[in-house]
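Here is the structure we will look at, set down as structure tokens.
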Amino acid sequence: MKAFRVGVAVVLGAVAMLANLEPLVAADPNPASTLAERRGCLQCHDLDRSRIGPAFRSIADRYRGDPEAKSRIVDWLETGGRGHWGEDYAMSEQSHLRPGEAETLVRWVLGQ
């Protein structure tokens with residue numbers, strides 16, 4: 001009986017301790033937004049307002065319904081681009097992106 005009480009106490013103590021802990025790794029509801037942050041996109045872009053570059057929602061609005069937009073924007077990420085948003089905006093090539101990341105980011109931006 002004593003072993004049972006000790007076992008229950010250990011289990012209850014562990015449950016109480018775990019109930020007060022935050023998850024060690026929060027589930028990322030949007031891995032592409034995390035990728036944008038990790039790859040430095042948010043240094044120049046914001047979701048809703050222009051910064052150094054246009055807002056992601058403005059990009060999505062401009063290219064919505066354009067079936068060629070995804071491939072063109074992926075190309076601009078990989079090779080750089082100027083003049084798509086006026087001469088004040090120039091984006092250097094994003095050579096630090098790994099294969100497939102440009103497409104992931106563009107799909108996410110166009111989905112805003």
Pairwise side-chain contact, Leu77 with Met91, heavy-atom cut-off 4.5 Å (strictly under): yes

Inter-residue atom distance Ile73.CD1 - Glu78.CD, 0.5 Å rounding: 12.5 Å

Backbone N/O of Gly100 and side chain of Glu103: donor-acceptor pair under 3.5 Å: no

Salt bridge (charged side-chain N to carboxylate O under 4.0 Å, His left out) involving Asp61 - partner list, sequence neighbours excluded: Arg64

Sub-4.5 Å side-chain heavy-atom contact between Asp66 and Arg72: yes

Atom pair SG/CG of Cys41 and Leu35 - distance to nearest 0.5 Å: 6.5 Å

Working for side chain to side chain contact (heavy atoms under 4.5 Å, CB included), residues Leu105 and Val74: CA-CA 9 Å; Leu105 291 166; Val74 166; over 6 Å; no

same_hphob_cluster(Ile52, Leu47) at 4.5 Å side-chain heavy-atom cutoff: no

Audit row: Lys70, Arg107, side chain to side chain contact (heavy atoms under 4.5 Å, CB included) steps and yes/no: CA-CA 7 Å; Lys70 185 176 83 170; Arg107 267 196 321 270; 3.8 Å; yes

Residue pair Arg82, Trp76: steps toward the side chain to side chain contact (heavy atoms under 4.5 Å, CB included) verdict: CA-CA 9 Å; Arg82 179 177 196 81; Trp76 297 336; over 6 Å; no

Cation over ring face, Arg62 and Trp85, 6.0 Å, 45°: yes

Main-chain N/O of Ala55 paired to His45 side chain as donor or acceptor, under 3.5 Å: no

His96 side chain near Arg39 side chain, heavy-atom distance below 4.5 Å: yes

Donor-acceptor contact below 3.5 Å, side chain Glu37 vs main chain Ser33: no

Parallel, tilted or perpendicular: ring planes of Phe56 versus Trp108, cut at 30 and 60 degrees: perpendicular

Value rounded to 0.5 Å, distance of OG1 in Thr79 from CD in Gln94: 10.5 Å

CD/Gln112: more than 12 non-hydrogen atoms of other groups inside 6.0 Å: yes

Spacing of NE2 belonging to His84 relative to OH belonging to Tyr63, to within rounding of 0.5 Å: 6.5 Å

